[in-house]
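This report refers to the structure that appears directly beneath it.
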Amino acid sequence: MFNKRTRIKELLASDSANYETTVMGWVRSFRNNQFIALNDGSTNNNLQVMVALGMVDDVTLKGISPGACIKAVGEIIPSLGKGQKIELKASSIEILGECDGEKYPLQIKNRPSLEYLREIAHLRFRTNTFGAVFRIRHALAYAIHKFFNDKGFVYLHTPIITASDAEGAGEMFKVTTLPLDGTAPKNEDGTINFKEDFFGRATNLTVSGQLEGELAAMAFSDIYTFGPTFRAENSNTTRHLAEFWMIEPEVAFNDLEDNMNLAEEFIKYVIRHAMDNNKEDLEFLTQRLEEEEKQKPQTERAEMGLMDKLNFVVNNDFERLTYTDAITILKESNHNKKKKFQYLIEGWGVDLQSEHERYLVEKHFKKPVILTDYPKEIKAFYMRQNDDGKTVAAMDILAPGIGEIVGGSQREERLDKLMQRMQEMHIPAEELWWYLDTRKFGACPHAGFGLGFERLVQFVTGMGNIRDVIPFPRYPKSAEF
RNA sequence: UCCUCCUUAGCUCAGUUGGUUAGAGCAUCUGACUGUUAAUCAGAGGGUCAUCCGUUCAAGUCGGAUAGGGGGAGCCA
């Protein structure tokens, strides 16, 4: 069987030696016509493969170049060199795929920028940084399913193509099979006649699975979604993508506090999972970040390293406070009094700017913050109205360095209140008849939240740009690969 | 979309008040070397200075437009 091989991670995990094995992987470097640093992606650490003089023919020797894919058979022996405990003494080397050094853009001794690597995203998996990032991304995805599964949640697949344009979460990508050359069927008023379209109506890519998630929560009690989400906003930032993955739990019988507890427990659980299972990768990224920090002036450097930050987050309670209290803190802050905010806090009711969120999280509390009970005017129609008539049972979790990582709320289960709010916000009730049905047929208090997966990966890996934590990022003017 | 900065060799970057043939390190290629660790040593090749237009006797250098990228803002997850 061709694929009979041992993963390098397993070989390096044990100190035992003097046994035959087969490895396959990609050459990171070839020193002294003798030492291959071989990587198979199971870990960032390379296996040293030793090629004794005369062991392979000249053609094969020439083929051992950075980037080439090889199969090596031989004996694992204690290494004579200092950099590693064991190595493979090759008895045969086979070039599975050669690699032209003149054209291959990745060399171990070069330090390509993240921006350059983004242009060769099809190859960047072969770098230590992206190896670590995407192994951690995988671990987090696994931990998400494990967390919810162990709690008895049902994983619900919500539709990717949707006809509802109701939530107003952002601009949507249109989905159609109608011709784009101007010959699409038209109504009398000149607008496109979507009755002729594939679905017989106008459709889009989903911006959220929440509304559908609520439907299932009204039967299974506890559900979560984890799938791709699309926003056609012209956002050019380090924390927005046009295509991203979102986790949306929805839980019947939960109120806002239960919702916060679930979100906090969830975040700590998945981070802890990565810390337990991806220690080497996190240590590598910690070090990488430390070197990056050294390039910055003293005043701009982060107070904590990546590992310390993650430890701190899993071992400390998130700070919880209401929007109203946050406004008071911001208003009373020296920062505000000395007019250091670009947008000064003057009164209750305005939405917080990122500078305010950053101040609360990074300067005032120095830990993740959960803000609750926002003014109803700045939040979505489905959030439950509080008794004060001014606020809704919303909660946002703000993380250091990233900002909003979670947005959630207790949902409005009272039909009259919901209808009234929809009317005020000009949301067509007839389009959401199925959503409103749940408020007629056995409604119950329930709550949920949405968590941007890539922002979570950013937080755990310390990567500054969200485009570097998804394999093939989609953003304005960019859909290569 | 707005503000701001950037674009010089495959990569990371120098390039002075505008002035002769645009440099370095690494990578690559050729050769040497058989216990290397970002291996080392010798040699070689490699440039439409993002693109277009302008100012000037003369533009990598000054001005404008366009494209791409970074950082910040808005929208949000």
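Per chain, numbering begins at 1; letters A, B, ... match sequence-line order.
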### Task
Can you tell me, in whole Å, how much space there is between the C1' of A14(B) and that of G47(B)?
15 Å
### Task
Measure the CE-OG distance between Met246(A) and Ser208(A) for me, rounded to the nearest 0.5 Å.
4.5 Å
#### Entry: P spacing across the pair U1(B) / U40(B), given as an integer number of angstrom
47 Å
### Query
Would the His145(A) and Phe226(A) ring centres measure less than 6.0 Å apart?
yes
### Task
List the atom of Leu256(A), the atom of Ala393(A), and the distance in Å for their closest heavy-atom pair.
CD1-O, 3.1 Å
### Task
Take atom CG of Leu106(A) and atom P of U12(B), then tell me their distance rounded to the nearest Å.
11 Å
### Whole-Å gap separating P (C13(B)) and OH (Tyr116(A))
13 Å
### Query
Nearest nucleotide by nearest heavy atom, which residue falls closer to the 5' end of RNA chain B, Glu404(A) or Ser478(A)?
Ser478(A)
### Message
For Ile405(A) and Gly464(A), find the nucleotide of RNA chain B closest to each by heavy atoms; which residue's nucleotide sits nearer the 5' end?
### Response
Gly464(A)
#### Entry: Whole-Å distance separating the CD atom of Gln107(A) from the P atom of U12(B)
12 Å
### Task
To the nearest Å, give me how far apart CD (Glu119(A)) and C1' (A50(B)) are.
12 Å
## Note on the structure
Applying side-chain hydrogen bond (donor to acceptor under 3.5 Å, both in side chains) to Arg135(A) and not counting sequence neighbours gives Asn44(A), Asp281(A)
#### Entry: P atoms of C11(B) and C49(B), separation to the nearest Å
15 Å
#### Entry: Quiz item: Ser235(A) side-chain donor-acceptor pair to C75(B) base, under 3.5 Å
yes
### Query
Is any side-chain N or O of Ser113(A) closer than 4.0 Å to OP1 or OP2 of U12(B)?
yes
### salt bridge (Lys or Arg N to Asp or Glu O under 4.0 Å) partners of residues 41-66 of chain A, not counting sequence neighbours, each pair once
none
### Query
Is the shortest side-chain N to carboxylate O distance from Glu362(A) to Lys366(A) below 4.0 Å?
no
### Task
Toss me the dot-bracket line for RNA chain B: Watson-Crick and G-U wobble, both under 3.5 Å, 5' to 3', using | for pairs to another strand and [ ] for crossers.
(((((((..((((.....[...)))).(((((.......))))).....(((((..]....))))))))))))....
### Message
Can you tell me if Thr238(A) touches the phosphate of G72(B), counting only side-chain N or O atoms and a distance under 4.0 Å to OP1 or OP2?
### Response
yes
### Query
Any chance the rings of Tyr382(A) and Tyr435(A) have centres within less than 6.0 Å?
no
### Query
Do Phe148(A) and Phe266(A) have ring centroids that are under 6.0 Å from one another?
yes
### Query
Taking all non-hydrogen atoms of both residues, which atom of Leu140(A) and which atom of Ala274(A) are closest, and how far apart?
CD2-CB, 4.1 Å
### Query
Quick one: Asn236(A) CG to G70(B) P, roughly how many Å, whole number?
9 Å
### Message
Under 4.0 Å, heavy atoms only, any strand: does Lys62(A) hit a base, just the sugar-phosphate, or nothing?
### Response
sugar-phosphate
### Query
Across the strands shown, which category fits Arg467(A) at heavy-atom distances under 4.0 angstrom: base, sugar-phosphate, nothing?
sugar-phosphate
### Message
Just to be sure I understand the geometry, which residues of residues 344-358 of chain A put a non-hydrogen atom under 4.0 Å away from RNA chain B?
### Response
Gln353(A), Ser354(A)
### Message
How many whole angstroms separate atom CZ of Phe341(A) from atom P of G72(B)?
### Response
17 Å
### Query
What interatomic distance, in whole Å, is found between C1' of U51(B) and the corresponding atom of A67(B)?
7 Å
### Message
Counting primed atoms plus P, OP1 and OP2 as sugar-phosphate and everything else as base, spell out the protein contacts along nucleotides 35-48 of chain B at 4.0 Å heavy-atom distance: B, S or - for each nucleotide, 5' to 3'.
### Response
BBBBBS--------
## Note on the structure
side-chain hydrogen bond (donor to acceptor under 3.5 Å, both in side chains) filter on His122(A), not counting sequence neighbours, yields none
### Message
Between U66(B) and A59(B), how far apart are the two P atoms, rounded to whole Å?
### Response
24 Å
### Message
For the aromatic rings, using the six-membered ring if either is Trp, is the centroid distance between Phe130(A) and Phe125(A) under 6.0 Å?
### Response
no
### Task
Whole angstrom is fine here: how far is it from CD in Glu102(A) over to C1' in C11(B)?
15 Å
### Query
Contact class for Pro105(A) vs. all strands (heavy atom < 4.0 Å): base, sugar-phosphate, or nothing?
nothing
### Message
Please give me the minimum heavy-atom distance between Glu357(A) and Glu404(A), naming the atom from each residue.
### Response
OE1-N, 4.3 Å
### Query
Taking the C1' atom of each, how far is A32(B) from U21(B), in whole Å?
33 Å
### Message
When you measure from the side-chain N and O atoms of Arg239(A) to the phosphate of G71(B), is any distance below 4.0 Å, counting only OP1 and OP2?
### Response
no
### Query
Would you say the ring centroid of His273(A) lies under 6.0 angstrom from that of Phe147(A)?
no
### Query
Expressed as a whole number of Å, how far does the P atom of U56(B) sit from that of U61(B)?
16 Å
### Message
For the C1' atoms, the ones on C33(B) and on G43(B), what distance do you get once it is rounded to whole angstrom?
### Response
15 Å
### Query
Within a reach of under 6.0 Å around CD of Gln385(A), are more than 12 heavy atoms found that belong to other residues, nucleotides or ligands?
yes
### Glu292(A) CD - U12(B) P separation (whole Å)
14 Å
